[in-house]
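Notes to accompany the following structure.
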Amino acid sequence: MEYNFRDIERKWQKQWKDSQAYKVKNDFSKPKYYVLDMFPYPSGAGLHVGHPLGYIASDIFSRYKRLKGFNVLHPMGFDSFGLPAEQYALDTGQHPAVTTKKNIETFKKQLDNIGFCYDWDREVQTSDPNYYKWTQWIFLQLFDSFYNRQTSKAGRIAELTATFELEGNVNHPCPGDVTIKFTAVEWRSFDEKQKMNVLMEYRLAFCGYGEVNWCEALGTVLANDEVVNGVSERGGHPVVKKKLRQWYLRITEYADRLLEGLDRIEFSDAMKEMQTNWIGKSSGAEIDFAIKGVLNTKLRVYTTRPDTIFGADFMVIAPELELVKEIKSEEQTAAVDEYLAYVKSRSERERMAEKKISGVFTGAYAINPFSGREIPIWISEYVLAGYGTGAIMAVPCGDERDHKFARHFNIPITNIIGSYYNGEEANPTKEATLQNSGFLDGMVMKDAMEVAIQALEDNGIGVRKVNYKMRDAAFSRQRYWGEPFPIVWKNGIAYPLDESELPLELPHVDSYKPGPDGEGPLANISEWVNQFAAQIPPTGGGGALETNTMPGYAGSSWYFLRYMDPQNDKAFCDRKVSDYWNQVDLYIGGTEHAVGHLLYSRMWTKVLFDLGYIGFDEPYKKLVNQGMIQGSSRFVYRVSITPSGENRRGQVYVSKSHYERIDEIKNDVQKVAEYLNKYVIGKVTRIDSDSVVNINSIHVDVNLVDGVILDISKFRSKWPEGDDVVHFILEEDNTYICGTEVEKMSKSKFNTVNPDDLVMKYGADTFRMYEMFLGPVEMSKPWDTKGIEGVHRFLKKFWRLFADETKGLIVNDAEASAEELKVLHKTIKKIEEDTERFSFNTAVSGFMIATNELTDLKCHKRSVLEPILILLTPYAPHIAAELWSLLGHSDSILDAAYPKFEAKYVAETSKEYPISINGKLRTTMNIALDAAQPEVEKIVLENEVVQKWLEGKPPKKIIFVKGKMVNVVI
RNA sequence: GCCCGGGUGGCGGAAUUGGUAGACGCAGCAGACUCAAAAUCUGCCGUUCGCAAGAAUGUGCUGGUUCGAUUCCAGUCCCGGGCACCA
């Protein structure tokens with residue numbers, strides 16, 4: 001009876017499917033556990049070995065929790081809206097819905113191959129109208145809400161208008177535009193459009209004109225985190241700033257709660273820090289400076305260091321500010337205008353890349369409110385219009401950028417920190433005692449901070465102020481393949497669709513080309529756009545649907561809730577059901593979503609909590625970041641001499657060591673020609689004066705390479721023309737050695753490995769355990785198929801504990817020996833502890849050790865093997881189920897009782913103590929564990945190795961740590 | 001530039017609280033079984049010296065704390081990730 005993994009796995013996958021073994025019920029009587037994977041985008045490329053890493057880990061943990069008696073929710077679905085499907089549609093004309101469906105089928109088949117315990121009845125697809133109906137519904141809730149700063153919670157727009165009727169907005173300053181201020185009387189006098197415009201500045205989902213990251217090549221707007229170094233993350237196309245009407249989420253209102261919530265969840269420190277940095281909270285003050293000769297305008301700056309106000313030697317304002325035009329002096333007008341033109345000419349990309357010091361004096365002066373000193377006002381692009389007030393007070397002795405600027409333009413520097421400033425570079429210390437600082441003189445900076453702010457507030461020239469780097473999140477895309485907004489525009493007012501109209505389905509289109517003026521493809525379908533024209537309040541007639549669609553993160557912001565109650569058509573998720581499943585207990589996914597998806601879904605959860613739809617305000621209790629599996633690329637090197645000598649005798653591929661030698665002499669064409677001719681006779685017959693050596697390193701399919709050795713015959717088969725066409729220059733042992741590099745796994749680099757192939761060859765159980773055995777889940781590592789044999793051998797060896805090739809099942813009912821029970825309980829402890837702390841690689845090694853030891857003991861006893869079989873179930877469910885059934889069980893091993901560790905079986909009476917001399921291990925001795933120090937000292941000193949090192953002298957000291965070690969100091 | 005991680009055999013990695021460094025596996029070497037191969041099994045396997053016993057050395061590098069450091073501290077180099085004119 002052999003370990004026939006193919007039959008076994010096919011059999012059990014069918015059996016589990018037929019018996020609905022993975023069906024999850026909302027059974028409120030059982031304790032729950034919710035394990036979630038970040039759902040994949042179903043790309044056309046299918047799964048590669050990198051994808052399942054996290055899925056396997058979560059599957060193991062789910063199955064483990066199930067054995068422990070929990071009702072486990074471990075669903076899977078697809079983030080199926082997105083750009084690639086639409087790009088593909090543009091290229092091929094295939095409808096995204098069609099390609100997406102096909103891709104999902106492939107993904108599901110591949111996932112099922114690996115034997116995951118998903119309840120596919122709970123599958124969600126973000127592009128399914130039954131799903132995005134509720135994405136649109138949640139959007140409507142966001143649209144109908146504002147952030148009430150009094151209660152620090154989302155509230156309804158109706159509450160807000162009720163307040164406005166009574167008291168205006170005095171207690172609810174406008175988050176979108178602080179200059180909007182009105183009384184109750186004024187509010188009541190506003191017409192509908194004015195009211196709606198005001199409310200738009202409060203809504204959590206709002207529409208506004210704003211500078212957006214516009215990518216011409218993609219024809220769309222990108223979120224900040226989709227732009228990397230001035231180019232699009234996808235495709236690397238240039239990105240420019242452009243003013244467009246856009247939808248946004250007012251996530252900035254949640255900045256503090258997003259920050260505070262981090263204390264209550266288990267994310268890695270690195271992840272928390274990324275989010276903290278992204279939110280970028282800083283506190284300081286806004287200070288108003290009078291401008292010399294200008295009466296009704298002040299210069300408002302933001303600083304985190306009000307204590308340094310006496311060191312402000314100049315002011316810098318962002319070139320974009322309107323104030324510039326107002327204050328520039330006549331003499332400086334030409335220079336300022338020239339500078340503004342220069343700034344405008346520079347793209348975001350140049351600005352980011354160059355960072356050179358530039359700026360111009362406006363001719364205006366600000367007045368230091370405490371000293372009356374006149375401070376020149378400059379403009380420079382290093383001050384950003386979008387942060388703080390767009391203006392700063394520059395303190396060159398304390399800020400490096402200000403210092404460089406002052407140096408560059410020869411602005412005198414005031415030293416307020418004494419010896420802390422060396423005249424060469426700025427010192428951002430907070431410890432210095434202030435000098436040249438008026439009433440702050442003699443105070444330590446960090447104490448002066450509070451005094452300065454108080455003085456500013458007392459004199460009405462400044463206020464305490466907290467700022468965030470985080471911006472409101474752009475929430476619209478000029479794309480087809482996304483959720484349509486349930487919004488109708490009429491006369492510039494956005495009217496929400498009634499809930500009963502949801503889902504607002506995407507129309508079928510024939511063209512995915514952008515609409516006019518940067519609008520999305522939907523703008524081209526007037527029939528669809530105008531479908532609600534007759535119903536729009538208050539008068540009916542006119543009105544057009546919003547033609548933008550929602551971004552990729554809309555559907556993924558709440559999908560974890562839908563899994564709980566996926567078929568509900570009355571609500572996104574029944575409250576009783578979400579109360580039961582509650583937070584995701586374990587969320588597994590990559591770090592790439594640190595500041596995107598994870599922040600947005602945290603915000604949506606908080607809003608839904610505030611509005612009373614769910615009972616918790618953090619979606620994910622614990623997050624484990626799986627590492628990336630990188631590709632291990634292989635290269636071949638093609639050498640040619642152009643323009644002459646080329647292709648006379650076909651292409652020449654040289655092995656690695658030859659490549660290295662040729663690379664050294666590549667500038668000498670003659671030498672390279674001789675080199676090539678030495679191996680390929682007549683390869684190079686003529687060299688011209690303009691001949692050059694070309695060396696191309698070309699990705700070669702990793703499946704044609706064994707380790708680093710190229711399978712030449714497979715490679716050669718790409719040229720059916722025959723041997724004359726392609727030549728190889730090999731190593732001395734007649735092998736072709738490839739170059740290697742670790743890169744992202746991708747089809748274009750020919751370094752992808754398909755899990756299907758490995759499952760076919762070794763089985764799903766081997767594949768699962770091997771992926772875990774590679775190393776800690778959190779760690780990124782290049783894929784290497786080599787070691788999979790070892791794991792496969794282990795499973796075969798494990799099988800042989802139960803069954804013999806000729807004799808069949810060899811398990812007996814004899815009583816287990818103490819030694820065997822020790823192995824069993826040691827293993828129970830090891831596997832349970834390692835599983836709990838997600839140390840799956842060491843758990844796999846624990847199974848190997850147990851198998852090796854039981855094989856050595858020739859143990860085939862049911863009472864030992866059965867519990868180990870249960871331990872193995874989460875890791876290798878198929879083999880476990882098969883053996884369980886062979887042992888005569890008719891019930892399912894998926895619900896067996898997890899074995900209980902009993903310490904008495906592993907208790908030892910003595911230990912092989914390491915005996916060190918001066919901390920260096922010299923020998924070991926078996927000593928009873930209950931032996932006390934005097935007794936141990938006596939035994940140790942009698943040891944001949946110890947006596948040899950003592951050379952007759954008494955030891956200085958003997959360190960004895962019970963149960964650990966003995967160290968003799970001489 | 002700033003902020004996080006991380007550097008351990010030929011390779012992936014282990015060492016959970018400062019206490020036997022290198023578990024487990026891959027690759028390699030030697031052997032058994034076999035006509036042969038596969039499969040399986042046994043032994044060896046950081047480096048240097050040595051027939052061996054053993055000794056020296058060894059967790060990026062330089063120091064320190066300690067009876068004892070892969071683990072703690074200071075400095076430094078390298079690799080990976082994040083942020084990047086945020087006042």
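Letters go in sequence order (proteins before strands), and every chain restarts at 1.
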When you compare [N] with [M], how far apart are their [atom1] atoms, in angstrom units rounded to a whole number?
N: B:rC29; M: B:rG46; atom1: C1'; answer: 16 Å
N: B:rG28; M: B:rG82; atom1: P; answer: 37 Å
N: B:rC35; M: B:rG12; atom1: C1'; answer: 39 Å
N: B:rA56; M: B:rC4; atom1: P; answer: 41 Å
N: B:rU47; M: B:rG9; atom1: P; answer: 12 Å
N: B:rG58; M: B:rG5; atom1: C1'; answer: 25 Å
N: B:rG10; M: B:rA27; atom1: C1'; answer: 8 Å
N: B:rU8; M: B:rU62; atom1: P; answer: 16 Å

Between [atom2] of [N] and [atom1] of [X], the distance in whole Å:
X: A:Leu795; N: B:rG25; atom1: CG; atom2: P; result: 13 Å
X: A:Glu853; N: B:rA23; atom1: CD; atom2: P; result: 14 Å
X: A:Ile375; N: B:rA87; atom1: CD1; atom2: P; result: 20 Å
X: A:Met274; N: B:rC2; atom1: CE; atom2: P; result: 19 Å

Counting only side-chain heavy atoms from C-beta out, which of [options] sits nearest to [X]?
X: A:Thr842; options: B:rC85, B:rA14, B:rU20; result: B:rA14
X: A:Arg837; options: B:rC83, B:rU16, B:rA87; result: B:rU16
X: A:Met965; options: B:rU20, B:rC26, B:rG19; result: B:rG19
X: A:Ile849; options: B:rA14, B:rA23, B:rC85; result: B:rA23
X: A:Thr924; options: B:rU20, B:rC26, B:rG82; result: B:rU20
X: A:Asn967; options: B:rC24, B:rG19, B:rG13; result: B:rG19
X: A:Glu833; options: B:rC4, B:rA14, B:rU16; result: B:rU16

Taking [X] for the side chain and [Y] for the main chain, is one N or O donor matched with an acceptor at less than 3.5 Å?
X: A:Asp402; Y: A:Val395; answer: yes
X: A:Lys781; Y: A:Pro776; answer: yes
X: A:Tyr302; Y: A:Ala391; answer: no
X: A:Asn943; Y: A:Val946; answer: yes
X: A:Thr591; Y: A:Ala594; answer: no
X: A:Asp765; Y: A:Ile879; answer: yes

List for me each residue that meets side-chain hydrogen bond (donor to acceptor under 3.5 Å, both in side chains) alongside [X], sequence neighbours excluded, and say none if there are none.
X: A:Glu908; result: A:Lys822
X: A:Lys622; result: A:Glu266
X: A:Arg305; result: A:Asp307

* Between A:Asp263 and A:Lys272, is there a salt bridge with N-O shorter than 4.0 Å? ->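 Salt bridge between A:Lys272 and A:Asp263, a charged N being under 4.0 Å from a carboxylate O: no.
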* Asked: Quick one: do A:Asp804 and A:Arg800 make a salt bridge, cutoff under 4.0 Å?
  -> no
* B:rA87 phosphate, OP1 or OP2, under 4.0 Å from A:Tyr387 side-chain N/O ->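 Answer yes for this pair, as a side-chain N or O of A:Tyr387 is under 4.0 Å from OP1 or OP2.
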* Asked: Would you say A:Asn852 reaches B:rC24's phosphate, i.e. side-chain N/O to OP1/OP2 under 4.0 Å?
  ->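 It does not, given that no N or O in the side chain of A:Asn852 lies less than 4.0 Å from OP1 or OP2 of B:rC24.
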* To do: Output all residues satisfying side chain to side chain contact (heavy atoms under 4.5 Å, CB included) with A:Ser780, sequence neighbours left out; order by chain, then residue number.
  => A:Met628, A:Gln630
* **Consecutive-pair stems (at least three Watson-Crick or G-U pairs, under 3.5 Å) that include RNA chain B** => B:1-7 with B:77-83, B:10-12 with B:24-26, B:28-32 with B:40-44, B:46-49 with B:54-57, B:60-64 with B:72-76
Give me the distances for all protein-to-nucleotides 10-12 of chain B N/O pairs that come in under 3.5 Å?
from, atom 1, to, atom 2, distance (Å)
B:rG12, O2', A:Leu774, O, 2.6

* If we only count heavy atoms from C-beta on, is the A:Met393 to A:Thr308 side-chain gap below 4.5 Å? ->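 Counting from C-beta outward, A:Met393 and A:Thr308 do come under 4.5 Å.
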Using a heavy-atom cut-off of under 4.0 Å over every strand shown, decide if [X] touches base, sugar-phosphate, or nothing.
X: A:Lys469; result: base
X: A:Asp269; result: nothing
X: A:Thr304; result: sugar-phosphate
X: A:Glu912; result: base

* Asked: Syn versus anti for B:rG9, judged by chi lying within 90° of 0?
  ->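 It is syn.
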How about [X] and [Y]: are their ring centres within less than 6.0 Å of each other?
X: A:Tyr600; Y: A:His593; value: no
X: A:Tyr64; Y: A:Phe61; value: yes
X: A:Phe405; Y: A:Tyr382; value: yes

* To do: With RNA chain B as reference, determine whether A:Val968 or A:Ser780 sits nearer its 5' end, using the nearest nucleotide of each.
  =>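 That would be A:Ser780.
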* Structure fact -> RNA chain B nearest-nucleotide lookup for A:Ser839 and A:Lys964: closer to the 5′ end is A:Ser839
* Should we say atom CG of A:Asp269 is surrounded by more than 12 heavy atoms from elsewhere, each under 6.0 Å from it? ->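 No, CG of A:Asp269 has 12 or fewer neighbouring heavy atoms, counting only those of other groups under 6.0 Å.
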* Asked: Does anything in residues 788-797 of chain A pair up under side chain to side chain donor-acceptor pair (under 3.5 Å), and if so which pairs, sequence neighbours excluded?
  -> A:Tyr762-A:Glu789, A:Thr766-A:His792, A:Lys797-A:Asn852
* Asked: Could you walk me through whether A:Tyr770 and A:Phe767 pass the ring pair (Phe, Tyr, Trp, His ring centres under 6.0 Å) check?
  -> CA-CA 5 Å; A:Tyr770 180 58; A:Phe767 178 71; 8.1 Å; no
Distances under 3.5 Å between nitrogen or oxygen atoms of protein and nucleotides 70-72 of chain B:
none

* Asked: What class does the angle between the rings of A:Phe901 and A:His825 fall in, given that below 30° is parallel, 30 to 60° is tilted and above 60° is perpendicular?
  -> tilted
* Asked: With sequence neighbours left out, what residues match A:Arg922 under salt bridge (Lys or Arg N to Asp or Glu O under 4.0 Å)?
  -> none
Protein and nucleotides 39-41 of chain B: nitrogen or oxygen contacts under 3.5 angstrom:
from, atom 1, to, atom 2, distance (Å)
B:rU40, O3', A:Arg800, NH2, 3.2
B:rC41, OP1, A:Arg800, NH2, 3.3

Review item, nucleotides 56-60 of chain B N/O atoms under 3.5 Å of protein N/O:
from, atom 1, to, atom 2, distance (Å)
B:rA56, OP2, A:Arg922, NH1, 2.9

* **Sorted by number, the residues of residues 280-287 of chain A with heavy-atom contact under 4.0 Å to RNA chain B** =>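 Within residues 280-287 of chain A, the residues near RNA chain B are A:Ser282.
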